[in-house]
Amino acid sequence: MMRKLLLLMLAGLLMMAVLAACGNNEEEAEDSKAQQEETGDEEAMEDAGTEDVDGEADEDASSEDSADSNDGAIEVTEDPQTDLRLGDTGLVETSIGTYELTVHSAEIVGTELDGEEALLDELILLEMTFKNIGEEPIIAEDLMINLGLVTDLEGTDYTNAAASFDSIAYFEGEIAPGEEREAQFIADTRTAEEYYFRSSPGAVTAGTHGEVRWTILDEEARN
């Protein structure tokens, strides 16, 4: 009888221990879940804060890029000069200085010069004069690089190829304030009824160069 009573008591204690262990496990699981949820909320808040900072940084960088893209832009006071002809002088405002440019003559020199074949139909040679009317020296190469010739106003400019020909003077050096310099411009071209010598549309759009354009008739270039 005593043995049965002891066994019942042991069984009761064992059951109580099992129930207590289950209860502790449930509480630990709930505590762990709550802790994970709290940690997740904190991480979400941290991520949101990081995104806000990154967003502000991106906006600042975008503003800086926008400001940089406008560097060198000038206020062009001259109206576009797009009806110039041979012999006319254009006043050109640029971010590196202001100058006058007179295109004196044009000549179709054929399909070959100095042993170099034309890459297109023919070669055209222009004779011109630059005059620095600003207050600072201007680098000649920087002027010529923003000038080109086309037969289609929607097309891509053909730029000066003087460096490829021995008989053509390469325009380089410094032009002092008040100084005049003669120059030659030669480029490949398609044969057309009209040729257009102009300032680079890209530089005009960027606000770093005034717009000028000379129209040259094919018959003028062949006389």
Side-chain angles (χ1 to χ4, degrees), residues 72 80-134 137-176 179-206 208-223:
Q81 302 157 73
T82 56
D83 57 352
L84 300 171
R85 305 296 294 268
L86 289 179
D88 290 342
T89 299
L91 192 156
V92 189
E93 296 173 297
T94 77
S95 59
I96 60 173
T98 302
Y99 64 92
E100 291 178 344
L101 175 58
T102 304
V103 180
H104 302 291
S105 64
E107 178 187 359
I108 300 293
V109 297
T111 60
E112 180 271 339
L113 181 66
D114 298 338
E116 298 291 336
E117 296 286 338
L119 299 179
L120 299 175
D121 296 337
E122 299 180 281
L123 293 164
I124 186 170
L125 173 65
L126 307 182
E127 300 283 350
M128 60 192 68
T129 299
F130 291 85
K131 181 179 181 180
N132 182 358
I133 62 173
I138 302 176
I139 303 302
E141 297 95 316
D142 293 341
L143 299 183
M144 195 66 85
I145 198 172
N146 284 315
L147 297 169
L149 185 133
V150 291
T151 56
D152 178 0
L153 292 176
E154 301 300 321
T156 301
D157 290 2
Y158 303 119
T159 54
N160 188 29
S164 300
F165 302 94
D166 295 335
S167 62
I168 303 300
Y170 183 67
F171 192 53
E172 61 183 340
E174 188 177 89
I175 308 174
E179 181 184 0
E180 289 188 11
R181 288 272 305 277
E182 293 182 354
Q184 293 179 304
F185 174 99
I186 188 168
D188 296 278
T189 183
R190 298 291 185 188
T191 301
E193 294 183 359
E194 292 183 339
Y195 307 90
Y196 306 101
F197 182 63
R198 66 183 183 180
S199 49
S200 165
V204 173
T205 300
T208 61
H209 205 290
E211 183 176 8
V212 289
R213 184 173 74 230
W214 284 259
T215 300
I216 303 166
L217 302 179
D218 184 65
E219 60 188 35
E220 293 176 321
R222 294 186 187 278
N223 289 335

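Predicted model, so just to flag it, every value in this text is computed and none were measured.
- The salt bridge (Lys or Arg N to Asp or Glu O under 4.0 Å) check on E220 picks up R85, with sequence neighbours excluded.
- Proximity of a side-chain donor or acceptor of T98 to a complementary backbone N or O of I133 within less than 3.5 Å is not detected.
- Of the possible donor and acceptor atoms, none in the side chain of D157 sits under 3.5 Å from a partner among the backbone N and O of T159.
- R190 places a side-chain heavy atom less than 4.5 Å from the side chain of Y158.
- With a 6.0 Å radius and a threshold of 12 heavy atoms from other residues, nucleotides or ligands, I145 has its CD1 atom at or below the threshold.
- With rounding to the nearest 0.5 angstrom, the CG atom of N160 is 10.5 Å from the CD atom of E141.
- Checking side-chain atoms of W214 against main-chain N and O of D88 turns up a donor-acceptor pair under 3.5 Å.
- Shown here for I138 and I96, the closest heavy-atom pair between the two residues is CG1-O, 3.8 Å.
- For A176, the side chain to side chain contact (heavy atoms under 4.5 Å, CB included) test picks out E179, with sequence neighbours left out.
- For the atom pair E219 CD and I108 CD1, the distance stands at 12.5 Å (nearest 0.5 Å).
- By the 4.5 Å heavy-atom criterion applied to side chains, T189 and T151 are counted as neighbours.
- Among L84, L101, L86, the one residue that satisfies the side-chain contact (heavy atoms from CB on, under 4.5 Å) test with F197 is L101.
- More than 12 non-hydrogen atoms from other residues, nucleotides or ligands lie less than 6.0 angstrom from CD of E112.
- Nearest heavy-atom pair, F171 versus A140, reported as atom, atom and distance to 0.1 Å: CE2-CB, 3.5 Å.
- Summarising the geometry of V204 relative to G210, their closest heavy-atom pair is CG2-O, 3.9 Å, with the distance given to 0.1 Å.
- The distance from the CD atom of E194 to the CG atom of L153 is 9.0 Å, given to the nearest 0.5 Å.
- Counting heavy atoms from C-beta on, the side chains of N146 and T208 never come closer than 4.5 Å.
- Shown here for A169 and A162, the closest heavy-atom pair between the two residues is O-CB, 3.9 Å.
- S199 places a side-chain N or O within 3.5 Å of a backbone atom of V212 that can act as its donor or acceptor partner.
- Here the straight-line distance linking atom CD1 of I186 with atom CZ of F165 works out to 4.5 Å at 0.5 Å rounding.
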Distance-only donor-acceptor hits, side chain of residues 119-131, under 3.5 Å, sequence neighbours excluded:
from	atom 1	to	atom 2	distance (Å)
D121	OD2	T191	N	3.0
E122	OE1	T191	OG1	2.7
E122	OE1	R222	NH2	2.6
E122	OE2	R222	NH1	3.2
E122	OE2	R222	NH2	3.4
E127	OE2	Q184	NE2	2.9
T129	OG1	H104	NE2	2.7

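- With R181 contributing its side chain and E172 its backbone, the two residues share a donor-acceptor pair below 3.5 Å.
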